2 protein chains.
Amino acid sequence: MNKKLIPEIIVTRLPVYLRCLQRMLQEGKSVTSSQELGERVGISAAQIRKDLSQFGEFGKQGRGYQIEFLRKQIEEILHIDHEWEIAVVGAGDIGSAVAQYRGFIDRGFKVKMIFDNKPEKINQQIGVFYIQDSANMKEAIREADIKVAMICVPAEAAQEVANQLVAAGVKAILNYAPINISVPKSVRVQYIDPSIHLQNMTYYLE
Amino acid sequence: MNKKLIPEIIVTRLPVYLRCLQRMLQEGKSVTSSQELGERVGISAAQIRKDLSQFGEFGKQGRGYQIEFLRKQIEEILHIDHEWEIAVVGAGDIGSAVAQYRGFIDRGFKVKMIFDNKPEKINQQIGVFYIQDSANMKEAIREADIKVAMICVPAEAAQEVANQLVAAGVKAILNYAPINISVPKSVRVQYIDPSIHLQNMTYYLE
DNA sequence: TAGATTGTTAATCGATTAACAATC
DNA sequence: TAGATTGTTAATCGATTAACAATC
């Protein structure tokens, strides 16, 4: 649908705009401007207008943006106008927390299954899920046609898990393991590592 | 110590280099090159050399980099040559997981205290910690001279918590609440929101 | 209409890459 | 010495900002 090649950096900002718009709606607002949105997300008004203009004309001169309309547009652009099912791999502290995370609701995602390879964890219950045996992972993910997964296993196991996920047809991986993984170019990877974020800030401290 | 103004984007890459170097050491390697490091972290060799050259000359022509030496240098640059104590605010699923996270070990951080404002949580035990009353947070953080904190409360409460942390002398905040917060320029903020990362990838899917 | 704010262009600014002399 | 790889320069590439005509 979006034929034009959009710079990645712009795509990374859209979810931030979206999150703010959803919040504005919750606050009962119905209209905003690039200036107001910019102040709230910490990005210049000019950049917001430029970013949005890559995808269409969503505002009206002199009036600003209808929040509900803009929200819907960005959801479509990001393909979260429907819900994506997620597989979680690894049922340790992180995997368990992520599997039960309530922050996916209304953001376009729903955890559907969770795997672990430790015999004592298999068939244990986490929230509404029963932990499944990693041995059946590839089959189960392919069967359910799941395209999004989160890796919550130790660093040593992350690459092997990634390989299996790719083989199962997964196209987007959010990796909580503190290690870079290699995947085919057709698969997307994002990383969450709190230590990285913290180290980033301590540079400026003291 | 580092007087020269370093572009932020370079600072964000140093922790990634560091993480990879630590891993290499675990694998028993002792020397690497900008090319090898680049392949492993997905960054060009030229960029890695340019980034490092901002801080000094850490390699030898024809030989590459001594991993142990380079690791130590980057740790000093990032000020993680000593351990930073962390306060966690919010003892829900995320706060509990983060307070017990083993991934801070050897990365320069140590969770020291956790707070919540729900009466039924106060004094409950999480790992080795007892949840403290948020009412005493400002005092306790100031008393312990803690400079780094993580916000794990609902979006609605995040700004107020941030205000209190700033008042307590905190200078670096890792915010897990899905909302942008405002702090003085002297305080650093980083964000972790899995939905943002996922939405970022779904743009490219389908 | 007058005021406000968009969408867009041109100018600026900054980051990445390619290439190579220096040197281990 | 010959080969390898750094640190650095210059060229390229891309992103951000400022400004304003268009228009609601």
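What you see below is based on every heavy atom in this structure, not just the backbone, and it leaves out hydrogens, waters and symmetry mates. All chains are named by letter (A, B, ...) in the order of the sequence lines, taking the proteins before the strands, and each is independently numbered beginning at 1. Nothing here was measured: the structure is a model prediction, and the numbers come from that model.
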Under 4.0 Å protein heavy-atom contacts per nucleotide of nucleotides 3-13 of chain D, with B for base, S for backbone only and - for none: -BBBBBB----
Determine which nucleotide pairs with D:dG14, using a 3.5 Å limit on both distances of a Watson-Crick or G-U wobble pair. C:dC13
Pair partner, D:dA21 [Watson-Crick or wobble, under 3.5 Å]: C:dT6
Will you find, in the side chains of B:Asn136 and B:Gln132, an N or O donor that is under 3.5 Å from an N or O acceptor? no
Could you tell me if B:Gln47 and B:Asp51 have a donor-acceptor pair between their side chains, going purely by distance under 3.5 Å? no
When the distance from CD1 of B:Ile48 to P of C:dT16 is rounded to whole Å, what number comes out? 12 Å
Specify the separation, in whole Å, of atom CD1 of A:Ile43 and atom P of D:dT16. 9 Å
Quick note, A:Ser44 side chain, CB onward, closest among D:dT17, D:dA15, C:dT17 is D:dT17
A:Ile173 side chain near A:Ile181 side chain, heavy-atom distance below 4.5 Å: yes
So, using ring-ring contact (aromatic ring centres under 6.0 Å, His included) as the criterion, who are the partners of B:Phe104 when residues are at least two apart? B:Tyr101
Check whether any side-chain heavy atom of A:Ser34 sits under 4.5 Å from a side-chain heavy atom of A:Leu37, and report yes or no. no
In whole Å, I'd like the distance from the CD atom of A:Gln66 to the P atom of D:dC24. 14 Å
Would you say D:dT16 has OP1 or OP2 under 4.0 Å from some side-chain N or O of A:Arg13? yes
Rounded to whole angstroms, how far apart are CD1 on A:Ile9 and C1' on D:dT16? 10 Å
Checking B:Arg23 against B:Gln26: is there a side-chain donor and acceptor pair closer than 3.5 Å? yes
Rounding to a whole Å, what distance do you find between A:Gln47:CD and D:dA15:C1'? 8 Å
